[in-house]
Colleague: 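Take this structure, written in structure tokens, and hold onto it; I'll ask about it next.
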Amino acid sequence: MQVLDSILESIGNTPIVKLARIGADLNVNLLVKCEFLNPGGSIKDRIGLYLVRQAEKEGLLKPGGTIVEATSGNTGLGLALAGARQGYKCIFVMPDKQSEDKRRLLRAVGAEVVICPTDVEAEDPRSYYQVAMRIAKETPNCFYANQYHNQDNPDAHYHSTGPEIWKQMGHELDVFITGIGTGGTVVGTSRFLKEKNAEVQIVGVDPVGSIYFDLFHHGKPGPIKSYRIEGIGEDFMPSTMNIACMNDVIQVGDEESFAMARRLIKEEGLLCGGSSGSAVVGAIKYIKERMPAFKRAKPNILVVLPDASNRYLSKFLSEA
């Protein structure tokens, strides 16, 4: 019998799919990695499992403990799945721009959800970063996952996402493109890929209003403003991010991102979220405007689709 001991064993080994219609006019192999097919519906399942296991090994997470995290929703769900069988309580702190669908999912897995205002500085005591830290300090027998400053975040991708991609691509990868938030995916995956082939180009995709585009291209943050894309971009610099790991950063907006996400669902049958649209828009801009020449006649471009569409039924998938 092919039976898993736990749903956690199904994390990873997500398929890579070639886009059949979107980007068909480009002289590249435009490929996507379907991270929305993880059991919790996002790439964050990888770090949720890794962070919990590392915390247990290091004695930071003990029986009957509580996991606290500041999250846009996906990391929280990944942590909750990883902690469910061990009986850990979970408290997740989210900014109010995140979808009601995400809040309901987290509550469904038994987590307590605390909502904070989005439009405040990261250092403001009302911000979801600061509130999560306060709750962690006040909660006994608590593990604060701290994805923005916990190096187990990028390490999870170094040990999981990077090797998986390298194997699936048969060592023939020219460009790796991903949305950037905490930096975990881009830093950990790029570290592995660059060790295997230093010529692989690493491209980050950043929403208008986030700091990374200007930091990369101009050496200082640009104007910070709110945006509707969820799960990528930042208004401060996490210590898990390393700007130098990227060869380029592409900037995208809300409207073009959501329009592309809808196209991915309708034209390619890929049930992905809004930041997946951001990543594909960024990839197409990069290919058309900035991509260097490669030895391969049709370069292999791999784009991460981080999460699933069912988190956004009340947001960009709502006709209202």
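Hydrogens, waters and symmetry mates play no part in the numbers below; they use all other heavy atoms, side chains included.
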Colleague: Going by distance alone, is a donor N or O of one side chain under 3.5 Å from an acceptor N or O of the other, for E35 and N38?
Modeller: yes

Colleague: Less than 3.5 Å apart, any donor N or O on the side chain of Y128 or Q98 sitting next to an acceptor on the other?
Modeller: no

Colleague: How long is the gap from CG on L105 to OG on S99, to the nearest 0.5 Å?
Modeller: 8.0 Å

Colleague: In terms of heavy-atom contacts, does CD of E267 have more than 12 from other residues, nucleotides or ligands at under 6.0 Å?
Modeller: yes

Colleague: For I284 and I22, run side-chain contact (heavy atoms from CB on, under 4.5 Å): C-alpha distance rounded to whole Å, both residues' side-chain angles, the deciding distance at 0.1 Å, then the answer.
Modeller: CA-CA 9 Å; I284 292 172; I22 295 171; 4.0 Å; yes

Colleague: Hey, what do you get for OG (S276) to CZ (F258), rounding to the nearest 0.5 Å?
Modeller: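 Those atoms lie 11.0 Å apart.
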
Colleague: May I ask you to decide if S239's main-chain N or O and Q151's side chain share a donor-acceptor pair within less than 3.5 Å?
Modeller: yes

Colleague: Go through the steps to decide whether Y88 and F143 satisfy the test ring pair (Phe, Tyr, Trp, His ring centres under 6.0 Å), and finish with yes or no.
Modeller: CA-CA 10 Å; Y88 299 127; F143 167 59; 8.8 Å; no

Colleague: If you apply the rule side-chain contact (heavy atoms from CB on, under 4.5 Å), what do you find for M237 with I243, and how did you get there?
Modeller: CA-CA 10 Å; M237 186 66 173; I243 292 288; 3.6 Å; yes

Colleague: With the threshold set at 4.0 Å, does a side-chain nitrogen-carboxylate oxygen contact exist between K295 and E172?
Modeller: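 Here K295 does not pair with E172 in a salt bridge, since their nearest N and O are not under 4.0 Å apart.
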
Colleague: Ignoring hydrogens and geometry beyond distance, is a side-chain donor-acceptor pair present between Y158 and E195 at under 3.5 Å?
Modeller: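 Short answer, yes.
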
Colleague: Please work out which of the three classes, parallel, tilted or perpendicular, describes the rings of H218 and F213, given edges at 30° and 60°.
Modeller: perpendicular

Colleague: If I take atom NZ from residue K97 and atom CD1 from residue I229, how far apart are they, to the nearest 0.5 angstrom?
Modeller: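 If we round to the nearest 0.5 Å, K97:NZ and I229:CD1 are 7.5 Å apart.
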
Colleague: If only side-chain N and O atoms count, and only distance matters, is there a donor-acceptor pair under 3.5 Å linking T75 with Q147?
Modeller: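 Present: a donor and an acceptor within the cut-off.
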
Colleague: Counting only N and O atoms by type, is there a donor-acceptor contact under 3.5 Å from the side chain of N300 to the main-chain atoms of N29?
Modeller: no

Colleague: Given D155, which of R46, R191, R53 fulfils the salt bridge (charged side-chain N to carboxylate O under 4.0 Å, His left out) condition?
Modeller: R191

Colleague: Any donor-acceptor pair under 3.5 Å linking the side chain of Q86 with the backbone of P63?
Modeller: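 Such a contact is absent between Q86 side chain and P63 backbone.
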
Colleague: Please determine, by modelled atom types, if N247 and K194 share a side-chain donor-acceptor pair under 3.5 angstrom.
Modeller: yes

Colleague: What is the distance from atom OG of S309 to atom CZ of F316, rounded to the nearest 0.5 Å?
Modeller: 7.0 Å

Colleague: Strictly distance-based, threshold 3.5 Å: is any side-chain N or O of S42 a donor or acceptor partner for the main-chain N or O of D307?
Modeller: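 Judged by distance alone, no pair lies under 3.5 Å.
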
Colleague: Under 3.5 Å, is there a donor-acceptor pair between the N74 and R311 side chains?
Modeller: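 N74 vs R311: donor-acceptor pair found between side chains.
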
Colleague: Would you check, one step at a time, whether the test side-chain contact (heavy atoms from CB on, under 4.5 Å) holds for L302 with Q168?
Modeller: CA-CA 11 Å; L302 179 63; Q168 287 176 305; over 6 Å; no

Colleague: Once you round to the nearest 0.5 Å, how far does CG of L79 lie from CG of L49?
Modeller: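 Here the interatomic distance stands at 10.0 Å.
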
Colleague: Tell me whether E289 is salt-bridged to K285, with the criterion being a basic N under 4.0 Å from an acidic carboxylate O.
Modeller: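 The answer is no: the pair does not qualify as a salt bridge.
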
Colleague: In terms of ring plane angle, is the pair H171 and W166 parallel, tilted or perpendicular, where the classes change at 30° and 60°?
Modeller: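 Rings of H171 and W166: parallel, as their planes differ by under 30°.
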
Colleague: Quick check against the 3.5 Å criterion: does T189 have a side-chain atom that pairs as donor or acceptor with the backbone of T161?
Modeller: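 Looks like no, no N/O pair under 3.5 Å.
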
Colleague: For S257 and G277, indicate whether the former's side chain and the latter's backbone hold a donor-acceptor pair under 3.5 Å.
Modeller: no

Colleague: Using modelled atom types and a 3.5 Å cut-off, is there a donor and acceptor pairing between side-chain atoms of K102 and backbone atoms of S72?
Modeller: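 At least one qualifying donor-acceptor pair exists.
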
Colleague: Find the distance between CG (N153) and CE (M241) and round it off to the nearest 0.5 Å.
Modeller: 10.0 Å

